[in-house]
Amino acid sequence: MRIDGTCHCGSVAFEAEVDPNTARICHCTDCQTMSGSLFRANIMCSGETFRLTRGSPKIYVKVAASGNQRAQAFCPECGTGMYATSPTNPASYSLRVGVIAQRAAFRPTQQIWCDSELPWTAEVAGLERRRGQ
């Protein structure tokens, strides 16, 4: 599926091809911290199909406890997280679902790093719901 995405302010944009079945939710503490939320939804794309169409993201290289490095890309103007990839020779990209224009078409098929899931995450479905603030 062909997709396009942009940061909140529009300074950085990209396009790629994704397999909708690769959408997943990550509960790791890095995703919680970097998104400022309970979890982060990601979808994979091949490095061959990913292309920046506007701007250049700022890159922060996260070093895991294992020593593995992951380049975290975000807009230098508004701070929107865009994707993660290898800092050298990216073969694939983990795109942030929230920045993709076609995000409503994706339904996550998997949850990962569930040992880090906040204990009340499953309870949000039962909270009062409003159409606006």
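All of these numbers come straight from a predicted model, not from anything done at the bench.
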message: side-chain contact (heavy atoms from CB on, under 4.5 Å), that's the test. Do M44 and S94 meet it? Break it down for me.
response: CA-CA 5 Å; M44 299 303 295; S94 179; 3.8 Å; yes
statement: Closest non-hydrogen contact found for T6 with R54 is OG1-NH2, 3.6 Å
- request: Compare every heavy atom of H27 with every heavy atom of W113, then report the nearest pair and how far apart it is.
  value: O-CB, 3.3 Å
- prompt: Side-chain heavy atoms under 4.5 angstrom apart, residues restricted to Ile, Leu, Val, Met, Phe, Trp, Tyr: same cluster for V61 and F50?
  reply: yes
field: Distance-minimising heavy-atom pair for C78 and C9
entry: SG-N, 3.6 Å
- prompt: Is the number of heavy atoms from other residues, nucleotides or ligands under 6.0 Å of R107 CZ greater than 12?
  reply: no
- prompt: Can you hop from I43 to L38 via hydrophobic side chains spaced under 4.5 Å?
  reply: no
message: How long is the straight-line distance from CG of N42 back to CD1 of I112, given to the nearest 0.5 Å?
response: 7.0 Å
query: Between L52 and P57, is any pair of side-chain heavy atoms under 4.5 Å apart?
result: yes
- prompt: Between Q32 (side chain) and S116 (backbone), is there a donor-acceptor pair under 3.5 Å?
  reply: yes
message: Please evaluate residues M1 and F106 with respect to the criterion side-chain contact (heavy atoms from CB on, under 4.5 Å), reporting the C-alpha separation (whole Å), side-chain torsions for both, the decisive distance (0.1 Å), and the verdict.
response: CA-CA 11 Å; M1 174 179 181; F106 308 126; 3.7 Å; yes
- prompt: Nearest 0.5 Å, what's the OG1-CG distance between T29 and L118?
  reply: 10.0 Å
Within one Ile-Leu-Val-Met-Phe-Trp-Tyr cluster: V99 and F39, side-chain cutoff 4.5 Å: no
- line: Rounded to the nearest 0.5 Å, the OG atom of S46 sits from the CG atom of D19 at a distance of 11.5 Å
message: Taking V12 as the starting point, is it possible to reach F74 by hopping between hydrophobic residues whose side chains are less than 4.5 Å apart?
response: no
- prompt: Is it true that Y60 and M82 fall in one hydrophobic cluster, defined by side-chain heavy atoms closer than 4.5 Å?
  reply: no
field: Donor-acceptor under 3.5 Å (R70 side chain, A64 main chain)
entry: no
message: Ignoring hydrogens, what is the shortest heavy-atom contact between C31 and S35? Give both atom names and the distance.
response: O-OG, 2.7 Å
field: R24 CZ to T109 OG1 distance, which is reported to the nearest 0.5 Å
entry: 8.5 Å
query: Which pair of heavy atoms, one from V63 and one from Q69, lies closest together, and at what distance?
result: CG2-CG, 4.1 Å
message: Can a donor-acceptor pair be found, under 3.5 Å and without considering hydrogens, that links the side chain of R40 to the backbone of C26?
response: no
query: So, does T85 use its side chain to make a donor-acceptor pair with the main chain of S92 at under 3.5 Å?
result: yes
query: For Q110, which residues count as a side chain to side chain donor-acceptor pair (under 3.5 Å) partner, sequence neighbours excluded?
result: none
message: I'd like to know if the side chain of T80 and the backbone of H8 have a donor-acceptor N/O pair within less than 3.5 Å.
response: yes
task: Work out which heavy atom in I3 is nearest to a heavy atom in L95; give both atom names and the distance.
output: CD1-CD1, 3.9 Å
query: Taking only residues two or more places apart in sequence, or in another chain, which ones meet Q72 in a side chain to side chain donor-acceptor pair (under 3.5 Å)?
result: R96
- request: Take I100 and F14 through the test side-chain contact (heavy atoms from CB on, under 4.5 Å) and record every step on the way to the result.
  value: CA-CA 9 Å; I100 298 171; F14 65 87; 4.1 Å; yes
- prompt: For the side chain of Q102 and the backbone of D4, is there at least one donor-acceptor N/O pair under 3.5 Å apart?
  reply: yes
